[in-house]
Structures are given as structure tokens and as C-alpha cells.
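What follows is a short report on a single structure.
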Amino acid sequence: MNSPLFGQSQRLVTEASQSYSFSRRTFALGAAQAVFGLALAGRMGWLAIVQNEQYTLKSESNRVNMTLVPPRRGWIVDRNGAPIANNRTDFRVDIIPDRLENKEEVLGLLRDILKLPPEEMERIATDLKHAAGFQPVQVAENLDWERFAAVSVRIPELPGVAPTRGFSRSYPAGAAVAHLTGYVGAASAEQFKQTRDPLMVTPGFKLGKDGLEKTLEATLRGVAGQKRVEVTARGKLVAELATKPDEPGKNARLTIDIGLQDYAARRLGTQSGSVVVMDCHTGEMLAMVSMPAYDPNSFSDGISHLEWKMLSDNDHIPLMNKVLQGLYPPGSTVKPMNALALLEAGVSPDQRVNCTGALRVGTGVFHCHKRNGHGALDMKTAVMQSCDIYFYEMVRRLGYDNIAPTARSLGLGQKFELPFGSQRFGTMPDTAWKLRKYKTGWTVADSLNASIGQGYVLANPLQLAVMAARLASGRAVQPSILADHVHRNPPPLSVSPDHLQLVRNAMYGVVNEGGTGGAARLLVPGVTLAAKTGTAQVRRISMAERGSGVLKNAALPFKLRDHALFVCFAPADAPRYAAAVVLEHGGHTVRNLDTPLIGRDIMTYLFDKERALASLAEAEPTWGGDIKTRMAAESAAYRAAAGAPPLAVGAQTELNATAPTDAPAVRAATAADVAASEALANTAAPGNTVAEDGTTESDPR
């Protein structure tokens, strides 16, 4: 039927059509529900079966926290098993900057719990400002149990705070072993980025930064453990679960005698210098001392900005390992070696040279340290009296190219395989060397300067000790410091045993028959010392100063004073121990701090410890006390002179500190020393060479 209103026929809805429409919708809805149900069941099955392990681990990680436990570091022990570097129990608290929330609130709470003074709070705030986000910032270490526990129970209130119970490195001998062991410290941001090892950023973990701690890192480190604790959703500790223990690092045994090492460091007193003591038979290093030094405990704890600046500013360069990095003209300590070379070249030990106090060569006049001359003397007397003219004349006749090979065979200019990353090897020059380096020929003046251990000749203290040991033993001993890497049964030197005995006899005369080293005579019954003294000039002396009188060392600034050197071995008749003592700018200015008496007392320790300790106990108070006392006084004086810098500046941890042996102050000092040595050696005009002054040898009895 047509509707007049709409103009079209209207469809009738019947009961049958409504029923059909409802059934269709019901089916579609049911199908959709079935698909959804299957999808849900499939997803639940996937989660429950396929991804069961993943979500079990996630659930477990929400319930259980796992952290790495830094491994206990292997000890460094001396030849007798006494600790040189060991571990002590340490309760510490660190902050992980990336995890820190509510900084002011957390720091305030830590201040109240740990009773931290204002300067420490300023230091922590400054360290947080400059630290990498993942790098732990030390709040406190060496805490007592009560304060450590007080922080631990309030961890939920301290996001980003990491209390750690572990071990920290300790160096019982302090500064006496600084340049031997080096120290440990927290990994740098660069080290973490290179390895991405999570142990690197674990609070309390430290690795070797310098010295043996660095080169023996693989041996000493060990394997980290794992600690598991059950916590609530808010992070509150519920229980400690089973942990995987760490595997401690292996111990490293050295050839060093820690008693001798400590004694030698103390015996150097206030001098800037070094000592090396060796076993003549095996080459084992019994002491390797460089002073002044830093306290490795301070570096391992995190050295302050002020202390780093104090060490860097010190003109005695306490950051330098002088045994391996110091290069010095060896002065007259080379004269026994020169004598051996002359003997090997056919010079008779009885041949005499008349010393009048001066020798004219060409237009130059070369002087002896004894201005009136020694008169006629043979080789032994020339060594005993350290006569410059004798060696000028003999080396002038033979040429220095006949001396240099013997010097190299005795260790000068030689590189030794030792576990240290920083060694400087000096120079043992000859004609070919100078032509390569300077493109100029060797001159007679070069030979005369080299004959008294000046000019281009440079050596480190270890090389001088090796020279003494080889002269004493007649064997090519190789220095060693690791007990399992000793070079036993070294081959004999390719020189005449009779010639060696003549040289040893001359060195015996230096100390015991009226030579320049009489002050070094041992007071141990039945034991005699053989030695050679030496002095090395470090400055150019003008003609005007020569005319008015050369200034004494005591009247000169520290850096312009002569170096003082001493090499020796004992017993003289059956050598067992050899040593070298080098005092930077020592200048022979203080009797009981000069090389002969230092060398005497150190060698006395090896044969009569009680006598040596008694001698030290008498002298040490006159130097301002022991090493620790003097370092504390120096620190206080530096702080006062610095005008008490702001606490935040002075106390903050020095984040830019490099390894001491690679510090800017050390690089600058070594560069300056080389430049000064070259300036002295490269004098072109006659009348102004070191040899024309002669050495400044004397017998400081």
C-alpha cells in the first residue's frame, strides 16, 4: 500500500523476520566471543608456557636483588711472606648518582646518621657534581659496624645509596713502598666505557692504577661473587639468600725484603733520592726505594684536590719513581768501570799518570777536583782518589769508543725486563751514537767529559746498582723483582777475572785505604765494604764565577746543587750484596744525609740489623721524625701557606689525577732534566765544559 505521506511503500516487520535477525546477531556475537576466548587462552598459554622462564625471572628479580661482590684482591708479599699490600675489612657507603632521588633529603639523612662534618658534606656535593652518573661517589669508608648498620636498615629511605661490606687495600709501610706497589683506585669512566664490565661500577671495587698493582692486575684481581637478598615491593630487606662467594686473587711474592725497604726509605731522611739493593748472585732486588713519595693509602682511598696539588708542586717530585724514571750523570761512580775497560784494552795497572791538577788539550784546560794535583799515581790510586786527570789522559789516548762497550756490558744504557710500565734507560754514548743523534762528530772534549761520568752519559739508579753487582760478581746478573721470575745462574762476563779482581781491590781501597769513601767504612766486625763515590754537576759555571770562586752547593738553590752518588758491594772479599744510592741535588751538604753514610748504614742492616736500627734511631729525630710525621708536618705547612683554601676545593676528590708516574709534574721534571743535561753536554766553545771544572769529589770523613 502506498503512503501519501512518504511517497513510498512501507516495509512490514513480521515476527519471523525479527527472529531471523536476532539469531544472526547472536551467532556473530558468539563467534566474536569464541575468537576472543581462543585468543585469550592462546595468550595465557603463551605467557604460562612459552614465556614462563622470562616472567619467572622478572618476578624473581622483583623479589630478589642481586649485586656483584668485588673480589678480594691477592696480597703482595715480600720474600719472607710479610705483607707489602694486603686487605682490611671495610664497611663503606657510596652513592650511585644515576639512582639518587631527593638529593637534599638523602644527603641530610646521611649527614645525621653518619655524623658527617660540614667539610665532608661539601666534598660529597662537589664530587656528585663532577662524577659520571654510573660512577660511585664515596660517602664514607672504614665505618664502624653501628653506623654501617644504621644506614643499611634505612635503605628504603635512601634511594641511590649503596652500603657495602667488603675489603679495602692497605699498605702497612705507607710511602716507603709507594713507587714499588703503586696503588688501586676506582675505575674511570673511560675504563668502564671500554669494557662495559658491571664490576667496574660496583661500589667498593678498585683496580690497579700504577706500579705493580697495575701490571699484576690480572693475577691480583680475582673473580667477583654475587650477593642475593629478598626484598619487599618497597625495597625493604626481608632476608639474605644464598650467595656465590668471590674467588680471591692470587698472591704475588716479591724478592723485596720489606724490612730493608722500610729502613732504606727512612734512612734517606729528608733527601730527594733513591736506593737499590741487589743480591749479587741472583740479581734479586732486595730494596727499590724512591723518596720522597706519596702515601698509597691516600691514593687508594681517593686523594683530595689539595693533596694532589701539594704533591704536584713539590720540587722534590714525590710522584716520580726515581729508581726507574730518574736519569743522572753517574759522575765518578763510572771510574771503576772505566778502569776495567782500560785493563781490557791492554793498559797496565802499574802505568802512572802525573796529576798536576790540570791537563791542557788543544785550547782547553781540564782540571782535577784536587787543584794542586795528586802527583804520579797508578790505576788503583786513581780510582781510590777519584783522580780526574788520570782518566782524562787515559781515555784521551785510547778514545771513548774503547770504553763504551764495557759500560754497556755492565748495564749502563740497558733495558731490563721488569713489571713496571715506566722506565727510562739513559744513554751510553759513542761516536756512532752522536753522529746519529746530532749529525756531528765525536770530539776529544766529549771523551773527557764522559770519562768522569758527565757529558752525554746518563743512567738510572737501577743501572748503577746492576753495574756494581756485575763488577762484584763477575756475572751478567739480571735484576728481578718477582720471586718466580728470578734469573738464576747468570753467565760470566766476557772480561778477565784478574782484571775484575784489580777493580774490586781498588774499590776496597776507596773505603778502607784512604780513598774518597772513608766515611762509608763498616763497623760490623769481619765485614768490609767496597765502593765508589760520585758527584755530578747539573749547571753551567760561568767564567766570571770561576774567577771569583765557584759557589759551594750549600749556597745554591736546591735545583742547582750537584747530584751525589754512591755504588758499593759487600763483603768486599766475597761479594753478596750490591747497592746504589743517588741523591738528587744532594750536594754533599749534610754529613749524616750524604751518600757514604747512607750507603754504610743500609749495607750494615744486611749484616747487623740491630746496629743499623740503633744508628737510625739516633739520627731520625734530627730530621724531623719518621716519614709519616714529616709528611704530616709538610701537609700542614702547605695548607697554611695555601691560605686555607675553601673546604669544597681542598677536600674534594681529585678526579683528574693521573697515575703518579705519568703525572704532568713528572713529565715536566724529566723533560727539564734532559734539557739541562743536553745543554751541559753540547757546549761548543772550549773553556766552559764540565770536565774543565773537574769533579767535586772529597772525603766527607
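What you see is a predicted model, and the numbers here were worked out from it, not measured in a lab. Side chains included, hydrogens not; waters and symmetry mates left out as well; all remaining heavy atoms used.
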Legend entry - Where Ala579 and Ala468 come nearest, the two heavy atoms and their spacing: O-CB, 4.2 Å

Inset, instruction - Please round to the nearest 0.5 Å and tell me the distance separating atom NE2 of His316 and atom CG of Leu311. - result: 13.5 Å

Legend entry - Minimum side-chain heavy-atom gap Phe425-Gln463 below 4.5 Å: yes

Legend entry - Sidechain N-carboxylate O distance under 4.0 Å for Asp388, Lys335: yes

Inset, instruction - State whether the side chain of Thr215 and the backbone N or O of Pro419 hold a donor-acceptor pair below 3.5 Å, judged by distance alone. - result: yes

Inset, instruction - Check whether any side-chain heavy atom of Arg396 sits under 4.5 Å from a side-chain heavy atom of Phe391, and report yes or no. - result: no

Inset, instruction - Please test Tyr328 against Glu584 for side chain to side chain donor-acceptor pair (under 3.5 Å), starting from the C-alpha separation and ending with a verdict. - result: CA-CA 8 Å; Tyr328 312 94; Glu584 282 188 336; 2.8 Å; yes

Legend entry - Check: Thr670 and Val674 side chains under 4.5 Å, non-hydrogen atoms: no

Legend entry - Main-chain N/O of Thr535 paired with Asp562 side-chain donor or acceptor, under 3.5 Å: no

Legend entry - Exceeds 12 heavy-atom contacts within 6.0 angstrom, atom NZ of Lys559: yes

Inset, instruction - Compare every heavy atom of Pro296 with every heavy atom of Ala175, then report the nearest pair and how far apart it is. - result: N-CD, 4.0 Å

Legend entry - Tyr294 to His179 - nearest heavy-atom pair and separation: CE2-CE1, 3.8 Å

Legend entry - Any donor-acceptor N/O pair, Tyr577 side chain to Leu286 backbone, under 3.5 Å: no

Legend entry - Pair Tyr638-Asp313, side-chain donor/acceptor within less than 3.5 Å: yes

Inset, instruction - Output, in order, the C-alpha distance, side-chain angles, deciding distance and verdict of side-chain contact (heavy atoms from CB on, under 4.5 Å) for Phe566 and Val582. - result: CA-CA 7 Å; Phe566 188 77; Val582 178; over 6 Å; no

Inset, instruction - Apply side-chain contact (heavy atoms from CB on, under 4.5 Å) to Val477 and His487, showing your working. - result: CA-CA 7 Å; Val477 294; His487 307 281; over 6 Å; no

Legend entry - Test log, rule side-chain contact (heavy atoms from CB on, under 4.5 Å), inputs Leu583 and Leu268: CA-CA 9 Å; Leu583 303 182; Leu268 282 171; 3.7 Å; yes

Inset, instruction - Rounded to the nearest 0.5 Å, what's the gap from CD1 on Ile627 to CG on Asp262? Could you check? - result: 6.0 Å

Inset, instruction - May I ask you to decide whether Arg266 forms a salt bridge with Asp626, counting only side-chain N to carboxylate O separations under 4.0 Å? - result: no

Inset, instruction - For the pair Tyr438 and Tyr456, name the ring-plane relationship: parallel under 30°, tilted 30 to 60°, perpendicular over 60°. - result: tilted

Inset, instruction - Please tell me if the side chains of Leu493 and Leu410 come closer than 4.5 Å, counting only heavy atoms from C-beta onward. - result: yes

Inset, instruction - Run the numbers on Thr516 and Thr533 for side chain to side chain donor-acceptor pair (under 3.5 Å), then give the verdict. - result: CA-CA 7 Å; Thr516 58; Thr533 56; 2.8 Å; yes

Legend entry - Thr427 vs Trp433, side chain to side chain donor-acceptor pair (under 3.5 Å): CA-CA, chis, key distance, verdict: CA-CA 9 Å; Thr427 305; Trp433 173 87; 4.9 Å; no

Legend entry - Lys434/Asp446 ion pair, N-O < 4.0 Å: yes

Legend entry - pair Pro336-Leu471: side-chain heavy atoms closer than 4.5 Å: yes

Inset, instruction - Could you tell me whether the side chain of Arg561 and the main chain of Leu556 form a donor-acceptor pair under 3.5 Å? - result: yes

Legend entry - Side chain to side chain, Lys552 and Thr589, heavy atoms closer than 4.5 Å: no

Inset, instruction - Could you tell me whether a side-chain N or O of Glu217 sits under 3.5 Å from a main-chain N or O of Lys214, the two making a donor and an acceptor? - result: no

Legend entry - Side chain to side chain, Met291 and Ser274, heavy atoms closer than 4.5 Å: no

Inset, instruction - List the atom of Ala669, the atom of Met320, and the distance in Å for their closest heavy-atom pair. - result: CB-CE, 3.9 Å

Inset, instruction - Kindly compute the distance separating CZ (Phe416) from CD (Gln423), expressed to the nearest 0.5 Å. - result: 8.5 Å

Legend entry - Ser386 and Lys532: CA distance, side-chain angles, deciding distance, side chain to side chain donor-acceptor pair (under 3.5 Å) verdict: CA-CA 8 Å; Ser386 200; Lys532 184 67 191 79; 3.0 Å; yes

Legend entry - Any donor-acceptor pair under 3.5 Å from Glu213 side chain to Gly182 backbone: no

Legend entry - Main-chain N/O of Ser409 paired with Arg470 side-chain donor or acceptor, under 3.5 Å: yes

Legend entry - Distance (rounded to the nearest 0.5 Å) between Leu254 CG and His485 NE2: 12.5 Å

Legend entry - Where Ser422 and Leu324 come nearest, the two heavy atoms and their spacing: O-CB, 3.5 Å

Legend entry - Donor-acceptor contact below 3.5 Å, side chain His585 vs main chain Pro557: no

Inset, instruction - State the CG-CG distance between Asn460 and Leu462, to the nearest 0.5 angstrom. - result: 5.5 Å

Inset, instruction - Give me the ring orientation class for Trp308 and Phe299: parallel if the planes are under 30° apart, tilted from 30 to 60°, perpendicular past 60°. - result: perpendicular

Inset, instruction - Please confirm whether the backbone N or O of Asp430 pairs with a side-chain atom of Asp401, one donor and one acceptor, at under 3.5 Å? - result: no

Legend entry - Distance-only donor-acceptor check, side chains Asp210 and Thr661, under 3.5 Å: yes

Inset, instruction - Identify the two heavy atoms, one from Ala564 and one from Gly587, that lie closest to each other, and give their separation to 0.1 Å. - result: CB-N, 4.4 Å

Legend entry - Intermediate values then yes/no, side-chain contact (heavy atoms from CB on, under 4.5 Å), Ile258 and Val177: CA-CA 9 Å; Ile258 189 58; Val177 299; 3.6 Å; yes

Inset, instruction - Kindly compute the distance separating CD1 (Ile389) from NE2 (His369), expressed to the nearest 0.5 Å. - result: 9.5 Å

Legend entry - Minimum side-chain heavy-atom gap Leu260-Val277 below 4.5 Å: yes

Legend entry - Any donor-acceptor pair under 3.5 Å from Lys322 side chain to Gly273 backbone: no

